Amino acid sequence: MAASSTPASTSKEHQIMPKEFSYSRADPAVRWPNLKLDEHFFSLQRNVSSPHNTVAEPQLQKAEIESDREVEQLENPASTASTESHDDKKRRSRPKKMTKLELTRAKDWRRRAQLLADQILALPPSGLVADVLDHRTVQMTPTDLCFVVKFVGNSSWTRALEAFEWFNLRRQYSPFPRMLAGIISILGRHCQYSLAREIFERSVAGNDAVVPCVQVFNAMMGVYARCGRFDDVRSLLEEMRSRGLEPDLISFNTLINARAKSGQMPTGSALQLLRDVRQSGLRPDTITYNTLISACSGVPNFEEAKSIFEDMLRSKCQPDLWTYNAMISVYGRCGMTHEAEQLFHEITCKGFSPDAVSYNSILYAFAKESSADKVESVCEKMIKAGFNMDEITYNTIIHMFGKQGRLDLALQFYDEMKQVGCNPDAVTYTILIDLLGKAKRIVEAGKVMSEMMDARVRPTLRTFSALIHGYAKAGMRIEAEKTFDSMVRSGIKPDSFAYSVMLDIFLRACNTKRVMGLYREMRRDGFRPDDILYQFMIAVFAKENKGELIDEIVTDMQEKLSMNLSVVSSILIKGDCLHKGVEILKRAIIQGFEPNNECLSAIFDTYISTGRYEEAQVWLHFLKDKASGSQNWVTEASILMNCVNHNVNAALEEYNKLRINGVLFPHGGCSLYETLITCCQETESFADSSQLFSDMKFLGLQPSEKIYRCLISSYCKMGFPETAHHLVVLAESSGTFLNDTSIHVNLIESYGKLKLWQRAESIVGKLRIQSCVDRKVWNALISAYAESGLYEKARAIFNMMIKNGLAPSVETVNGLVQALINDGRLNEIYVVIQELQDMDLRISKSTIILMLDAFTRKGDIFEVKKIYHGMKAAGYLPTMHIYRNMITLLTRAKRVRDVELMVAEMEDVGFKPDLVVFNSLLKMYTGIEDFKKTLEIYQRIMESGLNMNEDTLNTLIIMYSRDMKPEEGFAILNEMRKQDIEPKLDTYKSLLASCGKVQLWDQAEELFQSLLSKKYGLDRSFYHLMMKIYRDSGNHSKAENLLNLMKETGVEPTIATMHMLMQSYGTARQPQDAEVVLNNLKGSNFELSTLIYCSVIEAYFKHGDYERGIAKMLEMKNDGIEADHRIWTCFIRAASFCQHTQGAMLLLNTLCNNGFDLPIRLLTGSTESVIEDVDKLLEKLEPEEDNACFNFVNSLLDLLWAFERRATGSWLFQMAIKKGIYHHDVFRVADGDWGADFRKLSGGAALVALTLWLDYMQDASLQGSPESPKSVVLITGTAEYNQVSLEKTLKAFLWEMGSPFLPCRSRTGLLVAKAHSLRMWLKESSFCMDLELKDAQHLPKLNSMSLIDGYFMREESREKVIEADIKGRREKMEKAKKKGSVIPRKASRKRNAKFMRRQHNTEEANTS
């Protein structure tokens, strides 16, 4: 009967059903006891708001009800026209013949369905739907019953489900697609997802399945779309196609809605969904476009929303008000408030009137920018337009004030909302709970939750998640756990965020058991922790030694989640499971997997941060061999590795490899350059950092703030403050503001060092305009003034600081004192110090060091010692710097005793001498030719393990050269060359001179030739030295060739060069060649002087040709050159070498005839008559160059001693000492030293000095005062004066007299005598009976001295010595014959010395 009364429009649906649908159910409360369907649920009106912010989602709400359109289409068949086929349309449009009864029924079907629905809803909680349906008095078609279920479902899903089940239990009506779609939609709207799914699965599966229908699938897709389960919606769409059903436009709109609800809207996905609709042969409608635009607003993604809107216009699909509302929402969410406001005003122009959604959308845009004034203005306009502020409006305002931290105002609007009768929805409560939880007002958040439950508003997933997160943030673990359990019990499944918060809570409590249980639940629900949470889990498990749990998680990530191996290894590495992560990645790489750079960087950074550099190196080698696609990254990592180890050269080499390989933009980008530049700055490779910056500019990379700072510092240290200043301006222009005074201080100081104090002033001026200048800047400016010695300007700044209340610091005082020092006003320094002390400013140790250094540089030993002792008295202990400077100053002054005391003091306080101190000592002892001490210092350097530098090695070579040990000097030279250290030219010169003195002619020439071959810029002195060596060695032709070599190398010979060449000819007894040189000079541009003529004259005199020498002097006079001290000295020296007095008188008379009679007067006249003339002459010669006085007095003393005018020689010698021609300490008997130094004296002068010295020592011995030291030292030196050896001359005379003086064993050029033996000899020796120097009454006919083998000795003395030697040898042979053939044992060194003394005493006795 019921079937016959069904309209024809529905008969087709019944005809296509193969079987009845069996759906046996009990009462819902019995069927689902876990849901606790009590009377509260039967009476409660369900109207749950979406957990999402509905301000910007009006179109999504519309899309959500697309599945309900299936039911509405039944009520309005015209709505299905767009989805029906052409044949169906024609068949349905045919006119139908209906009876009057059917027509009546068709007109009142809605009233009868509503009446039945009202009866069901009026049932008490204990009533049953069956009581109403079993006793209904009206016949109803299945379509009518479908609407009954729908009307009931609008108020109570449980009564609707009970009615649906009654229909199936009675088996009177099998559920057709319309009924199934209706009940599934009802359950979906009331969030009963599991029930909806169960009904759907029973309807499409099993033997009782109904014929598949698009409407049923769309309804289930709508359920999934409500909770954002996009994957499930997409699976249903695919299942539809597999069953032969073609999705309609509603299906795709639902799919789009699900994508938007899922919260995962990747870039490009909206446009892809639009393409999918078109590819299915469907034309997108307004709802499609609106849903897509609304989905883009949720991300937000302005570009895609704009593209979709433009596509909508191109497709001639007319936008409606909802479209414009969605675009306003997009603009607002993207922060484009101006565009949103402009579009809002354009709505009216498009023929629409803004509705509540429009106002709420623009309100959201202003609220996002926290523009409270504009929000208030929009609210006023909204009310004037006739729209009251609804839940969405209040939610937006509450959320805005909450973000601003104005929670009290947000709560005030919440109270206002309730007062005006606007019921808070789930979104309102969720916002308040979230804001209060983030503000740590968790108690109030709990109260809001209680209010929500009292208002019978069901908490959503986001509500529970917000409260759980608030409890977690407040550390209330137990409350968070209870809230989570309550959410699960209420039927709400946790999402990824809720699971993640609870996992974080349990992880912080180290409850690994609960963590794994919750993790497994999370995975069963299809969620997974994010990478950071995975790292946290791994780290906690690693700390608790839960290796099996780590393995389970790793297996889950690899097998079930199919996570990338690089991601898995990265998670393990960041979770402190480095070894396991690296092993996984290594296996993957060996299998051909190419790791990404992020994973590699994570491993490398972990190795570096933990200091495991060797493991990092092994890892890089592995990647270099196995990961061919990561070579550029390996190179970058090698750069970083070298930078960490401060190996800047290797880092730059790797960087250049990148550039050669064409890698213009390294993966590290700016950070790589930052690391390289920082490393260069730390290792002071400033040029390299500048080049790296140039590369960055070429590549267009924007430098970071750290790069700017490093480069500015580098350029300041390099002395390029202009470039550094330009970088400051460049950084500020690019938006990088270096608001740090240290940058400007560096600039000011750098300008100051270059004495560009005006620019330093300009920087300070700009800083004063921008902000207040602090003490550091003023100190830097004072330092800049100090570098230029501008004391007055520095003092003005100092006074201004005092006036402005800035207390001067130590740096201020030091800058002021340094300015005074650099201004050359050291004499005022004590006055300034006193002024500072009067201002209650304490003079620091650094200030004292400044003063000490200043006087040290000046060489004022007195002031230095004064400041040094004052500093110690003030309680400041000397530093190594002070000791170093003091020792350097004292060694420079050759204050040996003070130096040794200072070194001893330094060692007593715990400082060890460094190389600078040792070098100073080496130079001092080398300068005074105390070679024994020099070698001791050298030994100490070796024992200290110090690496000798260039100064040390140069000084040692000079020491060995002066000690006449050039072989050792050459050994040091070879050592220097092995170390790639090139000696100084002065060192080479000293070594050459030493070779010449010890007659190592070949070594000297070889060294000179090596210098020429290495293209050293040898000056003229080297050629002069070699010319002298060739002269002494007799290679006069080489001396002449050397002259030509000088010209070839660009060194022009001078008069001095020609003089040396002529001396060489003179030594070779070739005066004619010397005269040829003189004649050549006459024809040149040289200005001739007495020096050249003197060379020729001296050459003739050495050859014994006095007449030619005299003739040359007369020729010189005829050439207009008057005789001077050189000619006088030459004639006097030649006269002193004449064997006969007649020859000497000839030379002296020649001088007399030419206006210089002083020598002959000294030789023949009385002493008293010439004293005044000699004194005047010496005063006249004193300013002359070439040691005129010294050479002249030496020659006179030679002459006077040779012709026995020795008393005259005595007073002349003493006059020379008084005038400073000779050193005042030639002999030091009065000082208690008893030593003597005869170096540089001529033979005659030395013999005069020797006699006077012996006389003084004899008087001291007889008087007993002053006392003598244990040993008496006579310094003779080893040099020759005019080819006369002073050492040999003095030895001959002393040994002739039988003195106890013997050669020193450790040093050459020294004669040493024991004091006791010397005193006995002076008292008892017959040679010492009369040491008074006297003048002979008449000049002797012959010279009393003979030049034999390079030294002076009396002829008769020489014969006596030879006779004594022969006699001694004869006696020795006779003694050996008496003893037989026994060979006497070689005496040791000590016994040999004693034997020599005994032999000496024997000879003395024999001579006496």
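Keep in mind that this is a model prediction, so the values were computed, not measured.
- Pairs engaging residues 1260-1273 under the side-chain hydrogen bond (donor to acceptor under 3.5 Å, both in side chains) rule: S1268-R1319 [sequence neighbours left out].
- Every residue meeting the ring-ring contact (aromatic ring centres under 6.0 Å, His included) condition with Y1256, not counting sequence neighbours, appears here in chain and number order: F1227.
- Here the closest heavy-atom approach between residue C1138 and residue Y1106 is recorded as SG-OH, 3.3 Å.
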Please walk me through it: do R1206 and L1200 pass side chain to side chain contact (heavy atoms under 4.5 Å, CB included)?
-> CA-CA 6 Å; R1206 293 170 183 170; L1200 295 174; over 6 Å; no
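- Annotation: F931 is not in aromatic contact with Y925 [ring centroid separation under 6.0 Å not met].
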Output, in order, the C-alpha distance, side-chain angles, deciding distance and verdict of side chain to side chain contact (heavy atoms under 4.5 Å, CB included) for L1162 and V1174.
-> CA-CA 9 Å; L1162 281 172; V1174 171; 4.2 Å; yes
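- For the pair L1254 and Q1258, the minimum side-chain heavy-atom distance is 4.5 Å or more.
- In this structure the side chain of F1101 never reaches within 4.5 angstrom of the side chain of F1137, judged on heavy atoms.
- With respect to K933 and D930, no salt bridge is recorded, no charged nitrogen being found less than 4.0 Å from a carboxylate O.
- Put simply, the side chain of F1192 does not reach to within 4.5 Å of the side chain of I1221, judged on heavy atoms.
- Other residues, nucleotides and ligands contribute over 12 non-hydrogen atoms within 6.0 Å of the NZ atom of K1323.
- Going from atom CG of L1252 over to atom CG of L1333 covers 5.5 Å, rounded to the nearest 0.5 Å.
- The environment of CE in M942 is sparse: at most 12 heavy-atom neighbours from other residues, nucleotides or ligands sit within 6.0 Å.
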Check the pair T926 / R962 against side chain to side chain contact (heavy atoms under 4.5 Å, CB included), numbers first and verdict last.
-> CA-CA 8 Å; T926 300; R962 292 183 182 178; 4.0 Å; yes
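- Here the closest heavy-atom approach between residue V1312 and residue C1304 is recorded as CG2-CB, 3.9 Å.
- The minimum heavy-atom distance between L1310 and T1276, with the atom names listed, is N-OG1, 4.2 Å.
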Tell me, with the steps shown, if W1128 and S1195 meet side chain to side chain contact (heavy atoms under 4.5 Å, CB included).
-> CA-CA 9 Å; W1128 301 337; S1195 62; over 6 Å; no
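- Judged by distance alone, with hydrogens and angles left aside, the side-chain atoms of D1255 form no donor-acceptor pair with the main-chain N or O of T1251 at under 3.5 Å.
- Distance alone, capped at 3.5 Å, is enough to place a donor-acceptor pair between the S1136 side chain and the R1133 backbone.
- Taking the side chain as every heavy atom from C-beta outward, L1302 and L1311 never approach each other to under 4.5 Å.
- A donor-acceptor pair is defined here as one N or O able to donate and one able to accept, closer than 3.5 Å; such a pair exists between the side chain of S1242 and the backbone of N1194.
- Taking the ring centroids of F1301 and W1253, they lie under the 6.0 Å cut-off.
- Nearest approach of D1198 to G1244, heavy atoms of both residues: OD1-N, 2.5 Å.
- From I928, atom CD1 reaches atom CD1 of I1275 across 9.0 Å, with rounding to the nearest 0.5 Å.
- With rounding to the nearest 0.5 Å, the separation of CG in L1294 from CG in L1274 is 6.5 Å.
- Classification of E929 and R1239 as a salt-bridged pair holds, one side-chain N sitting under 4.0 Å from a carboxylate O.
- In this structure, I1110 and L1147 have side chains that are in contact, with non-hydrogen atoms separated by less than 4.5 Å.
- There is no side-chain donor-acceptor pair under 3.5 Å between Y1222 and D1237.
- Checked by atom type and distance alone, the side chain of S1344 pairs as donor or acceptor with a backbone atom of W1201 at under 3.5 Å.
- Across all their heavy atoms, A1004 and I1029 have their closest contact at CB-CD1, 4.0 Å.
- The line from NZ of K1334 to CD of E1204 is 12.5 Å long, rounded to the nearest 0.5 Å.
- Considering only heavy atoms from C-beta on, F1156 comes within 4.5 Å of L1177 through its side chain.
- Looking at heavy atoms from C-beta onward, H1140 lies out of side-chain contact with N1343 at the 4.5 angstrom threshold.
- With a 6.0 Å radius and a threshold of 12 heavy atoms from other residues, nucleotides or ligands, E1184 has its CD atom above the threshold.
- Without hydrogens or angle criteria, T1164 side chain to I1160 main chain gives a donor-acceptor distance under 3.5 Å.
- Between the side chain of S1095 and the backbone N or O of L1091, at least one donor-acceptor pair lies under 3.5 Å.
- Put simply, the side chain of S961 gets close to the backbone of I957: a donor and an acceptor are under 3.5 Å apart.
- Between G1209 and L1197, the shortest heavy-atom distance links the atoms O-CD2, 3.2 Å.
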How far apart are the C-alpha atoms of E936 and K932, what are their side-chain angles, what is the distance that settles it, and do they pass the salt bridge (Lys or Arg N to Asp or Glu O under 4.0 Å) test?
-> CA-CA 6 Å; E936 290 178 2; K932 181 179 179 181; 5.0 Å; no
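- Residues Y960 and P966 have side chains not in contact (no heavy-atom distance under 4.5 Å, counting atoms from C-beta outward).
- Atom CG in L1331 sits 6.0 Å away from atom CE in M1297 (nearest 0.5 Å).
- Counting only N and O atoms by type, the side chains of T1129 and N1191 include no donor and acceptor under 3.5 Å apart.
- The salt bridge (charged side-chain N to carboxylate O under 4.0 Å, His left out) pairs that include a residue from residues 1209-1221 are D1175-K1219, E1179-K1219, where partners are two or more places apart or lie in different chains.
- Side-chain atoms of D1173 never come within 3.5 Å of backbone atoms of L1158 as a donor-acceptor pair (strictly under, hydrogens ignored).
- A centroid separation of 6.0 Å or more is found between the aromatic rings of F918 and Y938.
- A distance of 6.5 Å separates CG in L992 from CE in M1026, rounded to the nearest 0.5 Å.
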